[in-house]
Amino acid sequence: MSKAEPPDRGAPRMSRAAIPILSYHQVDRPPPRGTPVRSLVLPPWRLAAQLQALRALGWQGLSMRELQPYLRGERHGKVVGITFDDGYRNNLRHALPVLQRLGFSATVFMVSGQLGGTNAWDHALGVPPSPLMTAAELREWIDAGMEVGSHTRNHVNLAQCDDTTAREEITGSRLDLEDVLGVPVRSFCYPYGGHRAEHAEMVREAGYTSATTIVSARTQEGDDMFRLPRVSVELDDPIARTVLHVATPWLEWRSRRRGAAALPAAC
């Protein structure tokens with residue numbers, strides 16, 4: 001796997017550039033038009049084209065684990081985080097070969113209570129069932145150099161949970177995954193992006209080292225490691241738009257124009 005620029009040992013710490021973290025979900029043939037959340041299903045060819053374009057422009061795709069030194073300003077390079085929410089089997093089948101071909105790594109955020117199950121939290125909305133990875137398939141993902149992070153036990157909206165339930169979902173998911181996989185689980189993602197300030201503290205206390213939201217922005221120096229924004233990539237996004245969001249301050253400009261903070265107090 002190719003690596004980004006090594007750390008500047010002994011050199012003064014430099015201000016870091018904005019770092020984008022891409023947010024994907026399913027990588028498969030999209031369902032028929034009119035299907036709920038169809039926009040979150042990206043065909044494999046489009047994922048490959050997007051990541052190949054970034055690679056051609058000099059970007060290195062990294063998992064959240066490998067991205068952390070850059071987020072902390074300890075390393076510098078032209079890097080982009082790559083994440084997949086929920087743990088769909090089609091990530092293993094369709095995304096992994098692309099990542100390996102390009103020398104990229106990525107994080108899949110797994111719903112620990114649905115190992116080998118489906119996206120049960122979506123069924124009431126009319127979303128078609130889609131298989132999630134089994135423990136054996138997650139180990140295959142890990143053996144390929146990728147990372148598994150936590151997405152709670154049951155894909156709950158933490159902003160709608162009491163504190164006891166929220167803590168069990170946050171901490172229990174990490175313990176479940178570590179027990180099954182035998183590797184540390186240190187990256188977390190808030191389902192639906194929903195959380196309150198105290199949930200970020202729960203995530204830190206549970207032993208994670210980063211957490212991502214769905215706030216649409218690139219990360220900036222000084223951002224809270226437990227409330228990191230991401231750049232959502234959807235079905236109808238042209239490749240040029242994804243490159244624009246990654247390589248330029250367009251999202252930050254749009255946020256300022258709308259008068260919205262990059263990281264609101266609750267999201």
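The figures here come from the full heavy-atom set of this structure, side chains too, leaving out hydrogens, waters and symmetry mates.
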Within-4.5 Å side-chain heavy-atom neighbours: Asp163 and Met202: yes

CA sep, side-chain torsions, deciding dist, call: Leu138, Leu92, side-chain contact (heavy atoms from CB on, under 4.5 Å): CA-CA 8 Å; Leu138 286 172; Leu92 181 71; over 6 Å; no

Ser173 side chain to Thr152 backbone, donor-acceptor under 3.5 Å: yes

In one Ile/Leu/Val/Met/Phe/Trp/Tyr side-chain cluster, 4.5 Å: Tyr192, Leu228: yes

For Glu198, salt bridge (Lys or Arg N to Asp or Glu O under 4.0 Å) partners two or more places apart: Arg196

Exercise: identify the closest heavy-atom pair between Ile239 and Ala53: CG2-CB, 3.9 Å

Identify all side-chain donor-acceptor contacts of residues 33-40 below 3.5 Å with residues at least two apart in sequence or on another chain.
| unit_1 | atom_1 | unit_2 | atom_2 | d |
| --- | --- | --- | --- | --- |
| Thr35 | OG1 | Pro32 | O | 2.7 |
| Arg38 | NE | Pro31 | O | 2.6 |

ring-ring contact (aromatic ring centres under 6.0 Å, His included) against His151, all qualifying residues, sequence neighbours excluded: His155

Check: Arg65 main-chain N/O paired with Glu147 side-chain donor or acceptor under 3.5 Å: yes

Thr212 and Met64, any side-chain heavy atoms less than 4.5 Å apart: yes

Flag, side chain of Thr118 to backbone of Pro131, donor-acceptor distance under 3.5 Å: no

Smallest separation among heavy atoms of Leu251 and Ser216, with atom names: CD2-OG, 3.6 Å

CA sep, side-chain torsions, deciding dist, call: Ser232, His245, side chain to side chain donor-acceptor pair (under 3.5 Å): CA-CA 9 Å; Ser232 181; His245 291 172; over 6 Å; no

Qualifying residues under side chain to side chain donor-acceptor pair (under 3.5 Å), relative to Thr209, sequence neighbours excluded: Gln68

Carboxylate-amine/guanidinium proximity below 4.0 Å for Arg230 and Asp85: yes

Pairs touching residues 17-54 that satisfy ring pair (Phe, Tyr, Trp, His ring centres under 6.0 Å), sequence neighbours left out: Tyr24-Phe84

Shortest non-hydrogen separation from Pro229 to Thr213 and the atoms involved: CA-OG1, 3.6 Å

Distance in Å, Gln100 CD paired with Ser105 OG, rounded so as to fall on 0.5 Å steps: 11.5 Å

Transitive ILVMFWY side-chain link Val127 to Val27, under 4.5 Å: no

Within-4.5 Å side-chain heavy-atom neighbours: Val156 and Thr165: no

Would you list the atom pairs, donor with acceptor, under 3.5 Å between side chains in residues 176-184 and any protein atom, with sequence neighbours excluded?
| unit_1 | atom_1 | unit_2 | atom_2 | d |
| --- | --- | --- | --- | --- |
| Asp176 | OD1 | Arg153 | NH2 | 3.0 |
| Asp176 | OD2 | Ser112 | OG | 3.1 |
| Asp176 | OD2 | Arg153 | NE | 2.7 |
| Glu178 | OE1 | Arg174 | NH1 | 2.8 |
| Glu178 | OE2 | Arg174 | NH1 | 3.1 |
| Glu178 | OE2 | Val185 | N | 2.9 |
| Glu178 | OE2 | Arg186 | NH1 | 2.6 |

Glu169 side chain vs Asn154 backbone, donor-acceptor pair below 3.5 Å: yes

Pairs touching residues 203-238 that satisfy ring pair (Phe, Tyr, Trp, His ring centres under 6.0 Å), sequence neighbours left out: Phe188-Tyr208

Side chains of Asp223 and Arg227 in contact at under 4.5 Å (non-hydrogen atoms): no

Pairwise distance CG(Asp28) to CG(Asn90) - rounded to 0.5 angstrom: 4.5 Å

CZ (Arg101) with more than 12 external heavy atoms under 6.0 Å: yes

Interatomic spacing from CZ in Arg167 to CG in Leu158 - rounded to 0.5 Å: 11.5 Å

Backbone N/O of Ser63 and side chain of Thr107: donor-acceptor pair under 3.5 Å: no

Any residue meeting salt bridge (Lys or Arg N to Asp or Glu O under 4.0 Å) with Glu252, in chain and number order, not counting sequence neighbours: Arg218

Gap between atom CE of Met110 and atom CD of Glu137 - 0.5 Å precision: 9.0 Å

Trace of the side-chain contact (heavy atoms from CB on, under 4.5 Å) decision for Val203 with Tyr190: CA-CA 10 Å; Val203 171; Tyr190 302 98; 3.8 Å; yes

Non-neighbouring partners of Leu57 that pass side chain to side chain contact (heavy atoms under 4.5 Å, CB included), sequence neighbours left out: Trp59, Val243

Flag, side chain of His76 to backbone of Glu74, donor-acceptor distance under 3.5 Å: no

With sequence neighbours excluded, residues passing ring-ring contact (aromatic ring centres under 6.0 Å, His included) with Phe109: none

Partners passing salt bridge (Lys or Arg N to Asp or Glu O under 4.0 Å) against Arg241 (at least two apart in sequence or in another chain): Asp237

Least distance between heavy atoms, Gln26 atom then Ser130 atom: OE1-OG, 2.8 Å

Under the salt bridge (Lys or Arg N to Asp or Glu O under 4.0 Å) test, residues paired with Arg204 that sit two or more places apart: Glu201

From Met146 atom CE to Asn91 atom CG, the distance as rounded to the nearest 0.5 Å: 11.5 Å

Cluster link Leu125 to Trp121, ILVMFWY, side chain under 4.5 Å: no

Taking every non-hydrogen atom, the tightest pair across Thr164 and Asp162: N-OD1, 3.1 Å

Main-chain N/O of Tyr88 paired with Asp86 side-chain donor or acceptor, under 3.5 Å: no

pair His199-Cys161: side-chain heavy atoms closer than 4.5 Å: no

Leu71 side chain near Arg16 side chain, heavy-atom distance below 4.5 Å: yes

Test item: Gln52 and Leu102 side chains (from C-beta on) under 4.5 Å apart, heavy atoms: yes

Leu54 CG to Gln60 CD distance, which is reported to the nearest 0.5 Å: 11.0 Å

Single-linkage hydrophobic cluster, 4.5 Å side-chain cutoff, Ile142 and Phe104 together: yes

Worked check of side-chain contact (heavy atoms from CB on, under 4.5 Å) between Ile21 and Thr219: CA-CA 7 Å; Ile21 301 172; Thr219 70; 3.7 Å; yes

Close side-chain approach of His94 to Leu47, heavy-atom, < 4.5 Å: no

Cluster overlap Leu22 with Tyr70, hydrophobic side-chain contacts below 4.5 Å: yes

Donor-acceptor pair, side chain of Gln114 and main chain of Val111, under 3.5 angstrom: no

Where Gly61 and Ile82 come nearest, the two heavy atoms and their spacing: CA-CD1, 3.7 Å

